Structure formats: C-alpha cells, structure tokens
**Student:** 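Here it is, the structure in full.
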Amino acid sequence: MELTLEKLERHWLPFTNNREFKREPRLFVGASGMYYRSQHGRKILDGSSGLFTTPAGHCRPEIAAAVSEQLQTLDFTPSFMRGHPGAFELANAVAALTPKDLDHIFFCNSGSEAVDTAIKIALAFHLARKEAERTYLVSRERAYHGVNIGGTALSGMVKNREAFGALMPGVLHLRHTLLPENRMTRGMGASGVELADDLLRFVQLVGEKRIAAVFVEPIAGSTGVLVPPLGYLQRIREICDRYGILLVFDEVICGFGRTGEAFAAESFGVVPDLITMAKALTNGAQPMGAVAVRDGVYRTIVDAAPQGATEFFHGYTYSAHPAACAAGLATLRIYETERLFAKGRELSPYFQDAMFGLQELSVVADVRGYGLLAGVEIKAGSAPGVRGAELQAKLFDRGLHVKTTGDVAIFAPAFIATRTEIDQMTAILRDALSEY
Ligand SMILES: Cc1ncc(COP(=O)(O)O)c(C=O)c1O
C-alpha cells in the first residue's frame, strides 16, 4: 500500500507526536529474532524487546502456530459463565511461576486493565472483610500504572495526568526514589530506604484503617528505570503488614525474567499480595494481561458472597481469550525449554558493563540498571525531553529501536540477544551520543 499523508491521517497514534510522525512516518513491516524491518527494507536492531514485550525474540513460529491452531479449533469462548481448557492450563502455568501462594490468576487484555482489576480486587477484599472504610490507594511519584482511569490516577508521571483533571479521589503518592546520591549506581542504591516511611506518614495522616493498597513497580520502568534502594521494598512490605494494607507489585515490565527471575518479587526477596503482569506473558504476540492474587485474598472475596451468587462483578469480554491463552502457553513453554530467564541472568553482567561503560560520555547524566533493563539518561537540552526525542530519531536512523521517556533511553534487550548484538546497540548509542 502506498502510504500517502491522507492514508496516515486516520490512525490516531497513542503516546505519539502525530503531526511529526505523519510528516516522517517510521513504520515496521516485518520482524524476526532481534530485528525489525522498516518500510524501506532496513534492518533495525531491537534494543527494547519491542516495548518490553518480546524477550523470546520476534515472530516465534511456535507461538504463531499455536495461535493459528487455536483460532481454527475454538476462536472465541464467552468469558463469563463459560471456560475453555487453555485458560485453566495457562493459569496453572503462570501460578507455577509466581511466588508462594499467589496462585489465583485473573485474566484481562493489557497492563492497564491488570492495574484497574487489581484496584477493584483490593477494594472488594477490604469490603469482604468488613473494612469498607479502606478506600485510599497509595502509589508513587514517577510511577506508571497504565492509562485507564484508575491507573492514571495512580500514575506519578505528570504529563500522563495533567490533561485529565482530578481523575479519582483518595490517591496518595509516596516520593520517588531517584536520589542524586545513587547516581551511576549499578543495581540497588545504598541511599533511600527511609523513603518507604512516607507510607507511615500517610497512615498517620488518613488513619490506620483507611488505606486499601500500595502499588509499586519493583523497578519503575517507563519513567526511566528507577531501581529500588536497598531495603526499600522490604520496608514497604513491613509497613503494609503492620497496618493490614495490601501490597501490589506492578510487574508489567519486570515480570517474566526481566530481573533474572520469573518475577522481580523473587529477585528482590519480597512477596506482594497481588502481581499485575502483561507484555511478556505472550511474548507480545497477543494482547493479554493478568493479576496473580494470594490465596487468602481470593478466598476472602469468594467466601464472602452468598452461595449461588457471582463473587466478583468484574471481567472483560476478552478475558482469557483462547488465542491469547494459546500464545501464553507457547511462550511459557519457550521460556522453559530454552531456559530464557537463566540466559537473561547470564547476559546481564555483560549488558550492564556495556551500559555503564557509557558513563564517561559528557552528555550522559546518569546510568541505572538491573537485570536486562537499563536507563541511560542524557543531560536535558533546551527543555526536558527535547534531546531525548532527538536521540530517539537519531538512533532509529542508525538502525536501533529503543524506547525513550523524556531524556532517558531505556534498554531492555530480548533474552536471546548475543553479546555481539549488545555491542552493536552500545556502539550505535555511543555514536549518536558523541554528537553532543
Ligand atoms: C508498570 C506498568 N504498568 C502498566 C502498564 C500498562 O500496560 P498496557 O500498555 O499494556 O496497558 C505498563 C506499560 O508499560 C507498565 O509499564
């Protein structure tokens, strides 16, 4: 198809400068393994696993075959009052990866839906245990929890909130953990555990039995890779335990091996009550999200309902869609048979060395990283984000796809990446940065 400006106009792209994009569209028309192919036939190395979605590499034939077979066998099942075997199989497979007793899996279609589902589970849980006054939600400055109304209200990224007014009452934000003392720290910074005590202040502010849940990305990803300070997540857990508050880890980016273990909860040794996930659950091949819920939370909600009644009035037409379940099962099989989480763990030191090797460049303001996730922050230009947008274009033109947020380039290579591909990513970034 010849893409004239007229043909581009109808698609309103999300989170995109539409006017600029339509002047100079950057389209992908194919993908394989570590590479995209542009509309001009150029190979573009993928430095961000798509959008943190594709750790097993692009266009895996096993996933395509599973989806194709599923669509020719059972294309759709109503998700309310009906089921299909793939949904139960996938729930079992996900539960086998989640920590401890987070064994009940509620399916949805995206990370945003997972977050809003988790909000409703938290509220329903407290109502079921007769603490209906627990309605406050806590998240953090600089957090990203998707774009539905609940998740936007939890968001701490100013641009994502400012156009939308008051959103939801009763959301409190802990301070973020990006501290100058931890600049250029590999892994967890030594400073900042006390920032968790903001939660205590909220308890004192609104009352001991008023907070329903705290939402935390173990590593805040979209905002530019903020690795938690040492002891921070443990302290948050302790305060939650002391005051009966549910702890939700939003692992939409961290989940499925990004931090070296199946979930960051395991990497950081802190077990939350709920985990939200999406993206790598299907290797990005089908839209799907999920919430893993602790047994006690599930039982409380279910057992509170009278016999014969629906226990939780929530769900999506496409919850546990058969094609998404098939993609999820094929994906988890690949992760297991190819030991991809272990491969990612083994590649991490080499990758982090490469990223932290950029710190001597004068334009680099900070480097942060953990596992196969790293943020390279450059000094702002005329206004925050201007240089980041420019860098984004420069990298693409040099054959590298990387997600940028503001002035941070966020690297999240697929777990199948070779050292040579890590070297290529770093060389392209170094070359682009050397122009400043
Ligand atoms: C931590 C976190 N939560 C939620 C979301 C929203 O996911 P989705 O874009 O699939 O709705 C994202 C997306 O990047 C995310 O990083």
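The first residue in the sequence is number 1, and the count goes up from there. This is a predicted model, so every value here is computed, not measured. Indexing begins at 1, ligand by ligand and atom by atom, following the structure's order.
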**Student:** If I compare all heavy atoms of Ile105 with all of Ala292, which pair ends up nearest, and what's the gap?
**Tutor:** CD1-CB, 3.8 Å

**Student:** Quick one: closest heavy-atom pair of Leu199 and Cys240, and the distance?
**Tutor:** CD2-SG, 4.1 Å

**Student:** Under a 4.0 Å heavy-atom cut-off, what residues line ligand 1?
**Tutor:** Ser110, Gly111, Ser112, Tyr144, His145, Gly146, Glu217, Ser222, Asp250, Val252, Ile253, Lys279

**Student:** Provide the closest heavy-atom pair for Leu247 versus Pro272 in the form atom of the first, atom of the second, distance.
**Tutor:** O-CB, 3.4 Å

**Student:** Can the ring centres of His58 and Tyr35 be said to be less than 6.0 Å apart?
**Tutor:** no

**Student:** Please give me the minimum heavy-atom distance between Thr135 and Leu123, naming the atom from each residue.
**Tutor:** CA-CD2, 4.1 Å

**Student:** If you take all heavy atoms of Met157 and Thr223, which pair is closest and at what distance?
**Tutor:** CE-CA, 3.9 Å

